[in-house]
Amino acid sequence: MRLGFLASHGGSAARHLTAACRAGELAAMPAVLISNNSRSPALAWARDAGLSTAHLSSAGYPAPDDLDRAILEALTAAGADTLVLSGYMRELGPRVLGHYAGRVVNIHPSLLPRHGGRGMYGDRVHEAVLASGDDESGATVHLVTQGIDEGPVLAQARVPVLPGDTLDTLKARVQAVEGDLMLRAVRGLATSVTAT
Ligand SMILES: Nc1nc2c(c(=O)[nH]1)N[C@@H](CN(C=O)c1ccc(C(=O)N[C@@H](CCC(=O)O)C(=O)O)cc1)CN2
Ligand SMILES: NCC(=O)N[C@@H]1O[C@H](COP(=O)([O-])[O-])[C@@H](O)[C@H]1O
């Protein structure tokens with residue numbers, strides 16, 4: 001299994017999976033990281049980690065179909081067969097989704113279907129959870145389809161929302177479970193590859 005990562009900021013899931021690959025805990029090879037943000041810490045980390053990288057965004061490709069095609073070319077050129085959205089804040093297009101159908105996973109910092117969809121990303125999600133009065137939150141790994149956060153859920157991890165929680169305390173508690181949740185979900189994909 002060759003992993004392609006898409007990240008807009010830190011790329012924490014990409015880092016966790018790459019460490020697992022290099023520790024022999026995941027039978028996969030991290031191949032490429034693509035970011036829409038030229039200053040993303042994820043790009044700098046991926047370069048230092050020896051992954052091939054690409055900065056591909058609407059700035060360079062204003063037409064969504066051109067950006068979709070450019071992302072697909074970069075992924076296939078790197079030989080990626082499985083995609084991991086690691087805090088990627090843009091909508092993935094039909095060319096990439098068509099080529100990698102059933103092979104694209106995303107992590108979202110809530111218990112989908114609650115607090116998902118367009119406009120729901122990063123801190124906004126935790127703020128919505130706190131405003132809702134929910135007594136639990138968590139993270140969800142799902143297969144990616146065209147509709148934002150609508151794809152089938154592969155795995156979820158639950159955490160309590162505690163009295164007095166702030167954005168930062170809740171975010172830290174959710175992010176603490178994200179890495180291993182993504183690892184568990186990608187391992188499941190790995191076995192489905194070898195089984196076929
Ligand atoms: N085709 C799909 N693309 C993406 C999905 C998906 O399910 N299908 N998931 C998202 C990840 N995500 C939630 O997990 C998410 C990312 C971004 C947004 C959003 O509203 N973005 C804003 C732009 C924000 C920015 O540029 O900083 C927007 O599109 O207006 C919602 C949910 C990744 N792609
Ligand atoms: N809707 C997608 C979304 O909100 N993803 C969330 O953004 C953060 C990215 O952190 P990172 O940039 O440090 O990896 C992560 O918590 C991830 O769950």
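Numbering of ligands and ligand atoms starts at 1, following listing order.
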Given that the side chain starts at C-beta and the backbone is N, CA, C, O, which of these parts of Thr145 lies under 4.0 Å from ligand 1, counting heavy atoms, or is it both or neither?
backbone
So is Pro109 touching ligand 1 or not, going by heavy atoms under 4.0 Å?
no
Hey, does Gly11 come in under 3.5 Å of ligand 2, counting only N/O atoms on both sides?
yes
Met120: numbered ligand 2 atoms lying under 4.0 Å from its heavy atoms:
1 (N)
So is Leu97 in contact with ligand 1, going by heavy-atom distances below 4.0 Å?
yes
The atoms of ligand 1 lying under 4.0 Å from a heavy atom of Ile148, numbered in the order shown, are 3 (N), 4 (C), 5 (C), 6 (C), 7 (O), 8 (N), 31 (C), 32 (C)
Can you list the ligand 1 atoms lying under 4.0 Å from a non-hydrogen atom of Arg90?
4 (C), 25 (C), 26 (O), 33 (C), 34 (N)
What atoms of ligand 1 come within less than 4.0 Å of a heavy atom belonging to Asn106?
9 (N), 11 (C), 13 (C), 14 (O)
Under 4.0 Å from one or more heavy atoms of Tyr121, ligand 2 contributes atoms 1 (N), 4 (O)
Among protein heavy atoms, which lies nearest atom 1 (N) of ligand 2, and at what distance?
His108 ND1, 3.2 Å
Between ligand 1 and Met120, is the shortest N or O to N or O distance under 3.5 Å?
no
Quick one: which of His9, Met89, His16, Arg15 has a heavy atom closest to atom 7 (O) of ligand 2?
Met89
Quick one: does Ile107 get a heavy atom under 4.0 Å from ligand 2?
yes
Going through the checks in order, is the salt bridge (charged side-chain N to carboxylate O under 4.0 Å, His left out) test met by Arg69 and Asp65?
CA-CA 6 Å; Arg69 193 194 301 271; Asp65 186 53; 3.3 Å; yes
In this structure, does ligand 2 have an atom that sits under 4.0 Å from one of the heavy atoms of Gly122?
yes
Checking the N or O distance criterion of under 3.5 Å, is ligand 2 in contact with Glu178?
yes
In the protein, what heavy atom is nearest to atom 12 (O) of ligand 2, and what distance, to one decimal place, separates them?
Gly10 N, 2.8 Å
Contact check: Tyr88 vs ligand 2, nitrogen or oxygen atoms, below 3.5 angstrom:
no
Side chain, backbone, both or neither: the part of Asp149 lying under 4.0 Å from ligand 1 by heavy atom
both
The one among Gln175, His126, Met182 that brings a heavy atom closest to atom 10 (O) of ligand 2
Gln175
Could you tell me, atom by atom, which parts of ligand 1 come under 4.0 Å of a heavy atom of Gly117?
31 (C), 32 (C)
Proximal atoms of ligand 1 relative to Arg118 (non-hydrogen, under 4.0 Å)
20 (O), 28 (C), 29 (O), 30 (O)
Residues Asp168 and His126: side-chain donor-acceptor under 3.5 angstrom:
no
Would you say Gly147 touches ligand 1, if touching means a heavy atom closer than 4.0 Å?
yes
Under the 3.5 angstrom rule, does the side chain of Arg114 hit a backbone N or O of Val129 as a donor-acceptor pair?
no
Could you list the donor-acceptor pairs under 3.5 angstrom formed by side chains in residues 3-14, with sequence neighbours left out?
{"from": "Ser8", "atom 1": "OG", "to": "Asn36", "atom 2": "OD1", "distance (Å)": "2.7"}
{"from": "Ser8", "atom 1": "OG", "to": "Met89", "atom 2": "N", "distance (Å)": "2.8"}

Atoms of ligand 1 less than 4.0 Å from Gly119 heavy atoms?
19 (C), 20 (O), 31 (C)
